[in-house]
Number of protein chains: 2
Amino acid sequence: MNDSRKRLTRAEAKAQTRELLLEAAASTFADKGFAGASVDEIAEAAGFSIGALYSNFANKEQLFMEVLSTRATSRVAQATQIIEGGEDGLQDPMAALGRLLVDVADKDIDFAPLRAEFWLYAVRNPAVLDTFAARMREPTEALEHLVGKEMDRHGNPAAVPATNVAVVVHALFQGLVQQRRIDPASVPDELFGQALGWLFTGVKNAEQGECR
Amino acid sequence: MNDSRKRLTRAEAKAQTRELLLEAAASTFADKGFAGASVDEIAEAAGFSIGALYSNFANKEQLFMEVLSTRATSRVAQATQIIEGGEDGLQDPMAALGRLLVDVADKDIDFAPLRAEFWLYAVRNPAVLDTFAARMREPTEALEHLVGKEMDRHGNPAAVPATNVAVVVHALFQGLVQQRRIDPASVPDELFGQALGWLFTGVKNAEQGECR
DNA sequence: GTCTATAAACAGATAGAC
DNA sequence: GTCTATCTGTTTATAGAC
């Protein structure tokens, strides 16, 4: 009994070390990039030494991929799922989604750089490309539900596939987040929601034919 | 006379070396990133040795910034300016712009990775951020002209600022290019033009109020 | 399981030959 | 103006102490 408690505690300790290393890795990779970040400074940022890192991860690449698995990309999916279940945005889902996206962009400072780093890594390593593409399909699918509902709300069945609209919304979001990072004045808070509004009235009219 | 010809030829030779180094640098940075690419392999890719590189550029960073100055980001601006002056897209400027963006995305394979690399560098180096932001304003401003014309074509004066629409179009383009790179099937050729169509009918209706 | 010490390879940048 | 050789620091990854 004592023994099992002890074993559990040790397992927990190791798990905690792993988690701390993953957090430090995410932050350091965001700051300096995959090639630019050294395993040494990652370990140090986590409060450990290089030995602990190699005891928990096979090498730098595996650590990087592990960060991809646990963090970063699914934020948007989480966010949109909150909107679907929550009381927010019952009136105007698009404005609510706009606010939420701004929130994701501003709160999680590492989000965009980390995503860019993963994207580059995926583009450069064909073996990883499918894994990353699958990760990116997550938020798009979450958006697809929202998009589908919104399109239903406005009437008739799909002349435009919800999947395509979801891809566009996702791409627009990523693009705006990046632009906001280098030139905040050019991307005011409201622009997210406005752009979504334009897009959806446009889709709506495409469905039912031009309205004038 | 003989002397001046000789001097000119040498200057040209050096200029050519510089240009070759810049091309090789752009390609290598796109392939391996700023931190991942070594000056050695850049020089080698250009057909020169490391000494020639350091004879033409102060260091790796300056070479990188020089690549930014000469290449990469202004492609979209060039493209949209062609549309404005050309015979193409007189009927449907948005569809033409869509085709053109697809072309930029597919033909210039280094475009997106290089842009991502510059973006990351700018985000990480505050001193460079303004320079890069200015570069990014170039294509947006070119788009703004197109957008303004298109909005005029549909009628009344701006309830929506053309600048904001241009930012959205640019962001959308960048996002779609990135998504297409990791999951081509999710971003068919027509989607660029379609999305622009949705956006503009949406903006149009926002200008003149909802149409139903 | 984590740390310290170290091996082996490689980086950016410089100096001097041609 | 370009090349070769080299200096110096840093990198990833491993081995053995605790």
Side-chain angles (χ1 to χ4, degrees), chain A residues 3-26 28-29 31-67 117 121 124-125 128, chain B residues 2-29 31-68 117 120-121 124-125 128:
Chain A
D3 211 324
S4 82
R5 200 190 71 84
K6 207 171 184 180
R7 240 182 280 145
L8 196 70
T9 306
R10 289 221 175 146
E12 281 172 354
K14 171 144 194 184
Q16 195 199 9
T17 299
R18 234 185 106 89
E19 206 173 325
L20 287 169
L21 282 167
L22 281 169
E23 274 177 51
T28 310
F29 282 138
D31 282 356
K32 310 220 179 166
F34 174 71
S38 75
V39 290
D40 202 2
E41 68 186 318
I42 292 173
E44 203 173 348
F48 295 94
S49 190
I50 192 174
L53 194 153
Y54 277 100
S55 155
N56 281 278
F57 303 94
N59 52 37
K60 197 181 173 183
E61 296 203 354
Q62 199 225 314
L63 173 58
F64 188 66
M65 292 304 293
E66 211 79 34
V67 173
E117 208 62 47
Y121 193 83
R124 289 165 184 160
N125 299 78
V128 181
Chain B
N2 202 350
D3 210 326
S4 81
R5 201 191 69 86
K6 207 171 186 182
R7 240 181 280 146
L8 196 69
T9 306
R10 290 219 175 148
E12 280 172 355
K14 171 146 193 184
Q16 196 200 9
T17 300
R18 235 186 104 89
E19 207 173 326
L20 287 169
L21 282 166
L22 280 168
E23 273 177 51
S27 157
T28 311
F29 283 137
D31 281 357
K32 310 217 178 169
F34 174 71
S38 75
V39 290
D40 202 2
E41 68 185 318
I42 292 173
E44 202 172 350
F48 294 95
S49 191
I50 191 174
L53 192 152
Y54 277 100
S55 154
N56 282 278
F57 302 94
N59 51 39
K60 197 182 174 183
E61 297 202 353
Q62 199 224 315
L63 173 58
F64 188 65
M65 291 306 291
E66 211 79 34
V67 173
L68 171 60
E117 208 62 48
L120 280 167
Y121 192 84
R124 288 165 184 160
N125 299 76
V128 182

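Naming: A, B, ... by sequence-line order, numbering from 1 per chain.
For the ring pair (Phe, Tyr, Trp, His ring centres under 6.0 Å) test, no residue two or more places apart in sequence or in another chain qualifies with B/F48. Not counting sequence neighbours, the partners of A/N56 by the side chain to side chain contact (heavy atoms under 4.5 Å, CB included) test are A/K14, A/T17, A/R18, A/L21. Remark: B/F57 engages no residue in a ring pair (Phe, Tyr, Trp, His ring centres under 6.0 Å) (not counting sequence neighbours). Applying the side chain to side chain contact (heavy atoms under 4.5 Å, CB included) criterion to A/V39, with sequence neighbours excluded, gives A/I50, A/L53, A/Y54, A/K60. With sequence neighbours excluded, no residue forms a salt bridge (Lys or Arg N to Asp or Glu O under 4.0 Å) with B/E23. Applying the side chain to side chain contact (heavy atoms under 4.5 Å, CB included) criterion to A/E44, with sequence neighbours excluded, gives no partner residue. Qualifying side chain to side chain contact (heavy atoms under 4.5 Å, CB included) partners for A/A35, counting only residues two or more places apart in sequence or in other chains: B/A35.
Around the CD atom of A/Q62, the shell of radius 6.0 Å holds more than 12 heavy atoms that belong to other residues, nucleotides or ligands.
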For DNA chain D, please output the secondary structure as dot-bracket, reading 5' to 3'. Pairs are Watson-Crick or G-U wobble, both atom distances under 3.5 Å; mark crossing pairs with [ ], other-strand partners with |, unpaired with a dot.
|||||||.||||||||||

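Atom pair A/Y54:OH and C/dA7:P shows a separation of 17 Å (rounding to whole Å applied). Rounded to an integer number of Å, the gap from CD of B/E44 to P of C/dA11 is 11 Å. One interatomic measurement links the two molecules: NZ of A/K60 to P of C/dA9, which rounds to 19 Å at whole-angstrom precision. The distance from atom CG of A/L63 to atom P of D/dA13 is 10 Å, rounded to the nearest whole Å. The CD-C1' distance, from A/E61 to D/dA13, rounds to 13 Å in whole Å. Separating the CG atom of A/N59 from the C1' atom of D/dT11 is a distance of 14 Å, rounded to the nearest angstrom.
Between A/F34 and A/Y121, the two ring planes are perpendicular [angle over 60°; tilted spans 30° to 60°].
Formation of a donor-acceptor pair under 3.5 Å by the A/T28 side chain with backbone atoms of A/A24 is found in this model.
Side-chain contact between A/R124 and B/D31 is absent, with no heavy-atom pair separated by less than 4.5 Å.
Contacts classified as salt bridge (Lys or Arg N to Asp or Glu O under 4.0 Å) and involving residues 33-42 of chain A (residues at least two apart or in different chains) are given here: A/K32-A/E41.
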Protein and nucleotides 1-4 of chain C: nitrogen or oxygen contacts under 3.5 angstrom:
{"residue": "C/dT2", "atom": "OP1", "partner": "A/T17", "partner atom": "OG1", "Å": "2.4"}
{"residue": "C/dT2", "atom": "OP2", "partner": "A/N56", "partner atom": "ND2", "Å": "3.3"}
{"residue": "C/dC3", "atom": "OP2", "partner": "A/S49", "partner atom": "N", "Å": "2.8"}

Please write out the pairs of protein N or O atoms and N or O atoms of nucleotides 16-18 of chain D separated by less than 3.5 Å, giving the distance to one decimal.
none

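The CG atom of B/L22 sits 10.0 Å away from the CZ atom of B/F29 when rounded to the nearest 0.5 Å.
Remark: nothing in residues 36-43 of chain A comes within less than 4.0 Å of DNA chain C through any heavy atom.
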